[in-house]
Amino acid sequence: MDDLIFTAASIVCFLSALAVVTRKNPIYSAVSLILFFGGLAVIFLLLRAPFVAGMQLIVYGGAILVLFLFVIMLLNLREEELGKEKGGRFKAFAAVAAGALALLVIVPVMAAETARDGFGPLASLPDGFGSVDHLGLALFTQFALPFEVTSVLLLAAIVGSVMLSKKHV
Amino acid sequence: MYAFLIPLLKIVVVMAGLFGAVPVLVYFERRIAAFIQDRLGPNRVGPMGLFQPLADAIKMIFKEDIVPDHVDRVLYVLAPVLAFVPPALAFAVIPFGHPIRLLGDRIDLAIAPAGMGVLFLLAVGSTSVYGIAFGGWASNNKFSLLGGLRSSAQMISYEIPLVLALVAVLMTAGTLDLGRIVAQQAEFHLGILPAWNLFHQPIAFLIFFIAAFAETNRLPFDLPECEPELIGGYHTEYSSMKFAMFMMGEYVAMISMSALLVTFFLGGWSFPGIDPTSTALLSGIASVVAFAAKVAAVLFVFMWVRWTLPRFRYDQLMNLGWKVLIPLALLNIMATGVVGVA
Amino acid sequence: MDAAAPHDEPESPPAGEKPSLSEELYLPEILKGLATTFKHLIRPEKFTVEYPEKKKPIPQNFRGEHALKRDAQGRVKCVACFLCATACPSECIHITAGPTPPEWTDREKYPTKFEIDMLRCIYCGMCEEACPCDAIELTSKFYQVSETREEKYFGKDTLLRQPMKREYPDQG
Amino acid sequence: MTKFKVNGKEYDAPAGTNLLQFCLDHQIYIPHNCYHPALTVAGNCRMCMVKGKGLDLRPGVMTSCTLSVREPGPKQEMLEIETEAPEVIKAREGVLEFLLINHPLDCPVCDQAGECYLQDYSFTYGKDRSRFVEPKNIRHTKDVGDHVKIWGNRCIVCTRCVRFCEEVVGTGELAVVERGDRNVVDNFPGLPMSNLMSSNTVDICPVGALLDKEFLYQARVWFMETAESVCPSCSVGCNTKVDTYQGAVKRFRPRENQAVNQWWMCDIGRYNHKFTAAPDRLGLPKRRGTTAAGAVEWTRCSLDGALGDVRTALDRVVHAEGGAAVAGLASAWMSNEELWLFKGLMADMIGARDLGLLTAPDGVRTTFKKGFVIESDRNPNRRGAAEILGRAAAERGLATVLDGIHAGRIKAALVIGGIPEWAPPPELVAALRKLAFLAVVDVADSPLAALAHLVIPGATWVEKDGTFTNAQGRVQRFTRALAPPGVAAAETELLQRLAAASAAGAPDATGAKVLSAQSVFGDLAARVAAFAGLNYHDIGTQGKLLAGATGAAAAAPAGAAASGG
């Protein structure tokens, strides 16, 4: 059952991710991205991480992409404004760059996984793994410092964007 | 086979109840609106106009389904579905009665009693904005677009106080399982006062209640479709069943929101006299009735408020959301934390 | 008031009374409003007049569909002077004049055709005002249903068949 | 020149100038009923009262129509009048009250309403109610002529009509009969007013007593739209006004032009408009075909298609057999511009050799007592056609064409400029029947159109702009009063689109830019010697003489009438 769902979710993820970069109309790219996050949330669920799955949908699917769509819809680009397709050379370069990036991810993962005993089942997880309590405990004890540092970083980003967007302070 | 049949049966029953409630709601909305305005409302079709929703439905079905030339077809067709599905999905995790024992099996009266129910609700709820946003954009009409954009901005804005209000509730409940949240509320303080979260978290209740209006685009926050400014808003270009699906989506969202309100704050299916530990069929039915009655009461308040308050201006709406509700919700969380620690 | 406010908030209240605390909090006021609407909700008397069964009395000066009046001998009173057509702001009256039949000794001109395009008419009653012979009148007839546009193009026969104001049954 | 004062302002005029006419000419309006510049002064309506002093005048108010400018004697003061003094106003109010004693209050049904002197004066000087309580006098209502009917009740006995018949027409059918307050105009027993100028009495009647039987009850005057035009019914070219209502011509009225028609027009021209709304007017082009049984069958076609086909057919004949095989026949009812375009198209572009002119048959020349003339030539533009097509073509062209057809030399022809209600001479019909291709541009389903292979609808002169040249050589403008029926268009447009239709035969003449009559006239004036120096705008409302024309061929110039104005 898990395998079946995983296969379906991966196919959805793969196709939608492909659509994100191939669609010419940015609206469709954004829509595909939403679909992609949906598939990703399913995969997180399969990985016994329901909180992350939920956050994936709430934060990315529900909030950030809405803002993306907001901007795209307000610009409301028409066919002629989107400009011509870039040339083949540009595309080839893009493909090579994307491939290299993919390798950067795939190689360490393969190395790490094969170092252990391959893609085994997720049976050996501790009880309550991925639950809110677990995550909360981890964040506020073990990773309290990185967590707080990240929040300071985000705060700095917010203050910075407010500074930039205000005409006179 | 049997294990597969029970959830299916639950789905069918719940969805049938949900969709069956929509025409009834439409009828009551019109009658209540009329009575509040000292009018009579629909009273021609059937006794007391009871078949009016049927006439409306038949009309909707037989209207010509127009897809204007200038629209983006894919999203135009997708939008009404997206407006309609998320609110309906929310009912997957809402417990509408206490567990019963039937033919020796324990049956939870919720389609999918999940431990992370609240998370699921929030995830699903956060996608409900897309139907309206897509509908507005795909119509390729400036009024629709503005309606869609307003709606998305409004829904994101009010989702924050909504979630923050819930956080306070979850802090007192200490769980994300909706069944357990309801079960906690079935107890009594001092033997008479039900332990509803309404009394534990009155401020959270108020914030959730206000945000619920904004999330369902109901008056006084129906800015995405406010007629004087935007004609019909995002559904200006829609007709026939597509329009009907937007309407149904709105009513289903209203029912879901009421159900959530009842579940989180008003004790869900619990009611004085119903033993929460019982698994008897009769007691189970009584709990379902109690749940439905509470939801109906909240729905009445929705309509009552609609015909009482004038529409907010958009800047007032945003001010209320960001400058009042969110800080209030944050303070509430802080207070809850302080009380909880103390 | 501070005249040099750097930016004016759109919701700044008008100069004058400051809202009280309960008004600023909104909630008590909203509850008051809800109480008012609830009173109306349960109030038994309603203002609806259920039209086909009950009818409201039509005022004496109501301006409905036109009628052409007849004189004592049952002939059309109109003398085809075109003053109604002249006064008509929507130009919906079309008259064709002609000499009267020889047996009409009292006048020599009458309308051979008298048509009103009711779809163009705005029911202003200027024709009635302009008529020197009191020959055209706006009746109280207001239920104006037809299945084709042509039916709304009233000819002389239709106009002469219209009920007169004083004969109209709904007249109180 | 003699000095005198009107309302305190000093003026100069030759001795003998009529004071009323002088004031009217100088924007000082004095109400009047019986005075008309063409007629002798009667002074019987008493409306034109002014206050006068100086000369040997007795103090008080007097009629201005009977006053004329005189040099004061040695001991006399200068003539001085006031037209709006309080006693003058009072006198006019009194006169008007008398005039209205027996006048019925039937403006709503009176056709004169809207252009009635008495109505206007009642508005200015009248009381809102009558002090006269006795019953009004009833007078007769009867036909007094072929076109005119009198309503005696409305008559104010100004005698304009009586004087007109006496002085202008010279027949004198009308007189004032009865005495005192029963005074009324009537014709002499057994002498109906059937002269050819009788309908002018309707125009000069200041009230609704004399009315046109054909215009009776047709339209209220304030609804009508008026265009300035020229009468085409004879070569005098009387200046006219065309009154239309709801897209139809309702009446013609004469327009003053002292050099042409004075104030008048004849009954022939006035009633010659019924063909503009005739049921056989052509609105769509049609093409001759044959049914399976061999009968003639007409099919409707588009204007572009028809024009393209005409051009193709004519070009093909010229290409195959030379210009001598194609002929063009225009009519003397066409405007100068149309004739010019016709010549340009047929002679220069298509290459036809023979051009001819169709004319309506001559009538009887009639001259009236005061110089008004009805010419025998019943075509409006024969003079213009002669100047433009050349005298030879205008006079002998038709005969040459007929000979050519009979000899078998001419195979195709374009006939344009239909003469309304015209019976073509039998020899023309016989000849045209022989042609391999005949295109006819006509306004109605005429006998000529019946012979054609292609019929294209044209416009009558009330439906287009242009100029006619009358017998004097005076070029006069007429303006469009109506839209032509269906897709019919002015011949200037048809000819230009024919010219634009490609010689290769592509039926696309839509894109052609169509010049206005004004532009075409500019071209004509630049290229034809007789029209040199003329300009469409300068022709104005009164017309301009051709170079070298004396203007003597038509009505006696204004000399005879000059005493009036």
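Chain A is the first sequence line, chain B the second, and so forth, proteins listed ahead of strands; every chain is numbered from 1.
- Only the side chain of B:R44 comes within contact range of chain C, with at least one heavy atom under 4.5 Å from a heavy atom of that chain.
- By the 6.0 Å contact criterion, CD on C:E50 is enclosed, its count of non-hydrogen atoms from other residues, nucleotides or ligands being greater than 12.
- For chain C, the nearby part of B:L309 is the side chain; its heavy atoms alone come within less than 4.5 Å.
- The aromatic ring centres of C:Y110 and C:W104 sit less than 6.0 Å apart.
- Using a cut-off of 4.0 Å between Lys/Arg side-chain N and Asp/Glu carboxylate O, C:D117 and C:K152 are scored as not salt-bridged.
- For a residue to count as touching a neighbouring chain, one of its non-hydrogen atoms must lie under 4.5 Å from one of that chain's; by this rule B:W307 touches chain C with the backbone only.
- The aromatic ring centroids of B:Y158 and B:F221 lie less than 6.0 Å from each other.
- Listed options C:T36, C:I30, C:L41, C:L27 were ranked by heavy-atom pairs under 4.5 angstrom with chain B; first place goes to C:L41.
- Side-chain contact, B:E29 with B:Y251: a donor N or O sits under 3.5 Å from an acceptor N or O.
- Both the backbone and the side chain of B:V305 come within less than 4.5 Å of a heavy atom in chain C.
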